[in-house]
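Naming: A, B, ... by sequence-line order, numbering from 1 per chain. Keep in mind that this is a model prediction, so the values were computed, not measured. Just so it is clear, the values below take in all heavy atoms, side chains as well, and ignore hydrogens, waters and symmetry mates.
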Amino acid sequence: MSVPCKFERSILITLALSIIILHVAQYLFTANPRIVDTQYGFEGVTIGAIRITWTRVIGAAAALAAFGMLYVLLKHTQFGRAMRAIAQSRDAALMVGIRPKRVARNAVVLATALCGLAGAALAPIQLVTPGMGQYLIFKAFALVIIGGLGNVPGTIAAAIGLGLMESFIGGFFEIVWQEAAVFIVMIAVLFLRPEGLFKRGAMRVG
Amino acid sequence: MRAPSVRATSALATSLFATLLVLAAMLLFAALPYLTTSNYIIGIAISACIFTVAAASLNLVYGFAGLLSFAQLGFWGIGGYAAALTVMTFGGNFWQGLVCAGLVNVAVAVAIGYPALRTGRHAFVIVTLAFSLLIALVARDWVSLTRGPLGIPGLPTPGLFGFEFNTTPRFYWIAFGYAVTALGFLYALSTSRIGRTLIAIKQNEPLVRAQGISPMPYKLAAFAAGAALTGIAGGIYAFHLKLIDPLFLDFYFMQTFLIMVIVGGAGSFWGVVIAGIVMSALPEVLRFSADLRMILYGVVLLAAMLAMPNGVAGWLHERSLARARAALR
């Protein structure tokens, strides 16, 4: 019997953590949905025939700001350079004195913070429940596969494209196709281009 | 020259002892409806039979082929819905429903597995997880077929040649018969040449390729066989509950299967079977509330991954190896 590979181990450990967090939240706050009730949910801006509530505008602004900061962080700070260096060549990064463990830990912290930001931005738009992230994770995973693992611009492009496609399908077909579309696109991409739609040097830390 | 023959005799005695032990356990399980009249205990035994088969199927895919598949949950749900819909919507009987559950799952497993297995292990995990979440969404949103969150209540009791499986002890025979058949099949598969090839693929895929064996058909076959067995188990479980709704695809089931495999020891057939039976009974004995049980399952999974990544079976194996090494010294 061989020791399970590090990757599977880390998946199962993060899964266990996620189950614990989710159910502790459910135990403490119950599974009843809650509403974040603010004035921003009612008032909004009108552009032509479309009205958008402030909560959605703020959500979009937060997403743009987060993407902008992530880009600056990855491209123009020492921390981002270290992360990209490890993604390019772990051995060479070690040789110039970068500690992969530390950089990977920082990457996890950064990813957790971004995920928390997304949840906070979504809270006033949707109902808040302990399991509200589960169906979003499904889309997030599909997008990452379509965009290519470790390819940030590819993921952004895939997110925007699929968001538009989903709304379009939702307007004309049964709702079940709206959910299935993302998955069908993912399977199609895996068939045609197993490395993701936007193949480029992948960037993944740890 | 005497030592080897003694060792051979003792090995024969051990294997004879193990066979007798398995037969005794099977007899004990078969006689359960005569030992107790409590429907509660027999209900737990039904769950134990079904969950153990599902866990053993996951063990075939993860423990033997080395593919961490979260798609088992989706197959479990597809099996449940396929069996229920065959009976309720398409006018078949229970047994046709089970056959349908198995066949649909094989088809879906090949369609999903082929593109997913071409990618790396990382992408495979993510695709299977996304698949299970998609099936949960489809069960909830495809109202015209699955009746959405309301679910399909009132599944009829199965019958065979005029015999109605209408009480809990009678339904137990179905679950027990299926468990023995499916576990026997999995045991035969995992001890055969195919099982050894799967372990070889898990341990060193490039070496397997170098031996002239293409890993893809083996992986795909393991994935499809695991899917079919899990699906039929799901179908039986749905008829045990007499109801199917989107909660059938709750992550609770996946977590239960995973814990059985991890704690029992991925890659160990008997380890997972024993863990399946024990882990089905233990939460009932300890009587936790549903919320607390999930938290505890998470903690158990975390602890097992950190302390005993190969489960109890792996730990025992390592201990016996260490003892053998100490004896040699």
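Residue A:L17 holds its CG atom at 9.5 Å from CG of B:L301, rounded to the nearest 0.5 Å. Here the straight-line distance linking atom CD1 of A:I184 with atom CG of B:L134 works out to 7.5 Å at 0.5 Å rounding.
Annotation for B:I295 and A:I20: closest pair O-CG1, 4.1 Å, computed over non-hydrogen atoms. The shortest heavy-atom contact between A:R9 and B:M305 is NH2-O, 3.0 Å. Between A:A16 and B:G298 the shortest heavy-atom distance is CB-O, 3.6 Å.
The greatest number of non-hydrogen atom pairs below 4.5 Å with chain A, out of B:V127, B:I199, B:I112, is found for B:V127.
Within 6.0 Å of the CE atom in A:M69, the count of heavy atoms belonging to other residues, nucleotides or ligands does not exceed 12. Atom OH of A:Y71 is surrounded by 12 or fewer heavy atoms from other residues, nucleotides or ligands within 6.0 Å. Environment of CZ in A:R99: sparse, with no more than 12 heavy atoms of neighbouring residues, nucleotides or ligands closer than 6.0 Å. The neighbour count for A:R81 CZ, taken as heavy atoms of other residues, nucleotides or ligands under 6.0 Å away, is above 12. B:W142 CH2: 12 or fewer foreign heavy atoms inside a 6.0 Å radius. Heavy atoms of other residues, nucleotides or ligands lying less than 6.0 angstrom from CD1 of A:I35 number 12 at most.
Residues B:Y252 and A:I19 are not in side-chain contact: their nearest non-hydrogen atoms beyond the backbone lie 4.5 Å or more apart. Taking 4.5 Å as the limit, every side-chain heavy atom of B:L302 sits out of range of all side-chain heavy atoms of A:L12.
Both the backbone and the side chain of B:F131 come within contact range of chain A, with heavy atoms under 4.5 Å apart. Residue B:L306 touches chain A through both its backbone and its side chain, counting heavy-atom pairs closer than 4.5 Å.
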